[in-house]
Amino acid sequence: MHESDGAAGPPLVLQTVYDAAFATYPVPMKIATWNVNSLKVRLQHLLTWLEANPVDVLCIQETKLTDDKFPLAEINAAGYHVVFAGQKTYNGVAILSKHPIEDVLIGNPHFEDEQQRLIAATIAGMRIICAYVVNGQEIGSDKFAYKMAWLEGLHTWVTEEMRRHPALAVLGDYNIAPEARDVHEPSEWENHIHFTAPERAALAALMELGLQDAFRLFEQPDKQYSWWDYRNLAFRRNRGLRIDHILLTEALAKRCTACHIDRDTRKWEQPSDHAPVVATLAD
DNA sequence: ATGGCACCACGATGGTGA
């Protein structure tokens, strides 16, 4: 089990006075999200990425593993604590952390759900929520109704969590592109899943609780996406969507100094169709 | 408009994803 960063890790920078909760953690801290699309297939990708990108916290989605099959030993050996909630074939979420993980909650107390799509924990004085939002298939379908109900349940629960935890981040695969600039060809996607008006309204409502999109806190290059279809050379043509997000409360947004999408992972052999999103938090 | 591609549970193809 990993206990500390040790001599080989980055030097600990001790904070002065005002924020005791962060006093024992290195700053800046990095938090990230990545839909791995099967942890069984992508375990080596994950370990390779973590070695090159030793983030403090990583939320992963679509592990597609029951808990008895979770690669706990390999992740611990990489220097990470981890908590997870999985199921057979579909869904499944986990939070990896270099720092101790406390107050773990699986699922949404306000929305009964057979699918493992939510896990939350307190790490380094922050409330971290890892979310795998429902895909929704197509507007009008049962799955679309489930997506909208699920998002409403998320809204209710996040409202409550924000009252308890001023320093809170919701990281994950939202399966929603917030704006036209987050879609490679908006005219193709209008009224299609991930870019319908009700989905975008639900995401906007969540943000109106006081959550900010870390990526849009900064000037970014054009045409930045976090997902590309496996088909039709979509990645090579950069035909993608930005649907993976890190949302921050004001307390964390004001500490956020950078946010980027690591699209290089999509060039690897047998890649996930999603790329990691990373945010940096200063003291 | 459809299918393309990938993963999973199968033990052939179908469900699901985005």
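Throughout, protein chains are lettered first and strands after them, A, B, ... in sequence-line order, and every chain is numbered starting at 1.
- Spacing between atom CG of A:Asp229 and atom P of B:dG4 amounts to 12 Å, rounded to whole angstrom units.
- Rounded to whole Å, the distance from CG on A:Leu39 to P on B:dG17 is 19 Å.
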For A:Trp268 and A:Trp49, what are the C-alpha separation, side-chain angles and deciding distance, and is it a ring-ring contact (aromatic ring centres under 6.0 Å, His included)?
CA-CA 11 Å; A:Trp268 294 359; A:Trp49 189 80; 8.3 Å; no
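- A salt bridge links A:Asp213 with A:Arg242: the closest approach of a Lys/Arg side-chain nitrogen to an acidic carboxylate oxygen falls below 4.0 angstrom.
- For B:dT16, the OP1/OP2 oxygens have a side-chain nitrogen or oxygen of A:Lys143 closer than 4.0 Å.
- Straight-line distance from the CG atom of A:Asn37 to the P atom of B:dA6: 11 Å, rounded to whole Å.
- Each of A:Arg117 and A:His192 was matched to the nucleotide of DNA chain B holding its nearest heavy atom; the match closer to the 5' end belongs to A:His192.
- In summary, of the residues considered (A:Arg164, A:Arg127, A:Glu102), a side chain to side chain donor-acceptor pair (under 3.5 Å) with A:Thr122 occurs for A:Arg127 alone.
- With sequence neighbours left out, the side chain to side chain donor-acceptor pair (under 3.5 Å) criterion links A:Arg163 to no other residue.
- If you check distances only, the side chain of A:Asn135 does reach the base of B:dA18 with a donor-acceptor pair under 3.5 Å.
- Between A:Phe235 and A:Trp228, a ring centre-to-centre spacing shorter than 6.0 Å is recorded.
- Look at the P atom in both B:dA18 and B:dC7: the space between them is 13 Å, to the nearest Å.
- We find that OH of A:Tyr230 is positioned 13 Å from C1' of B:dT16, with the value rounded to whole Å.
- Taking atom P in both B:dC10 and B:dA6, one finds a spacing of 23 Å when rounded to whole Å.
- Between B:dA18 and A:Tyr132, a contact under 4.0 Å exists linking OP1 or OP2 to a side-chain N or O.
- Separating the P atom of B:dG3 from that of B:dG14 is a span of 13 Å, rounded to the nearest Å.
- Note: CG (A:Asn91) to P (B:dG17) measures 7 Å, nearest angstrom.
- Among B:dT16, B:dA9, B:dC7, the nucleotide with an atom closest to any side-chain atom of A:Ser38 is B:dC7.
- Relative to the side chain of A:Tyr90, the nucleotides B:dC10, B:dT16, B:dA18 differ in distance, and B:dT16 lies closest.
- The shortest distance between the side-chain N/O atoms of A:Gln270 and the OP1/OP2 oxygens of B:dC5 is not below 4.0 Å.
- Heavy atoms of A:Asn35 sit under 4.0 angstrom from primed sugar atoms or phosphate atoms, though from no base atom.
- Nucleotides B:dG11 and B:dT2, compared at atom C1', are 28 Å apart to the nearest Å.
- Checked against salt bridge (Lys or Arg N to Asp or Glu O under 4.0 Å), A:Arg216 has the following partners two or more places apart in sequence or in another chain: A:Asp182.
- Among the nucleotides B:dA9, B:dC7, B:dA18, the one closest to any side-chain atom of A:Asp273 is B:dA18.
- Using a 4.0 Å cut-off, no side-chain N or O of A:Arg231 falls inside it from OP1 or OP2 of B:dA18.
- In this structure, A:Asp244 places its CG atom 11 Å from C1' of B:dA18, rounding to the nearest Å.
- For A:His274, the listed nucleotide lying nearest its side chain is B:dA18; candidates were B:dC7, B:dG4, B:dA18.
- At the heavy-atom level, A:Arg42 lies under 4.0 Å from the strands shown only through sugar-phosphate atoms.
- In this structure, A:Leu43 atom CG and B:dC7 atom C1' are separated by 16 Å, rounded to whole Å.
- What separates CD of A:Glu138 from P of B:dG17 is a distance of 12 Å, to the nearest Å.
- One P atom belongs to B:dG4, the other to B:dG15, and the distance between them is 16 Å to the nearest Å.
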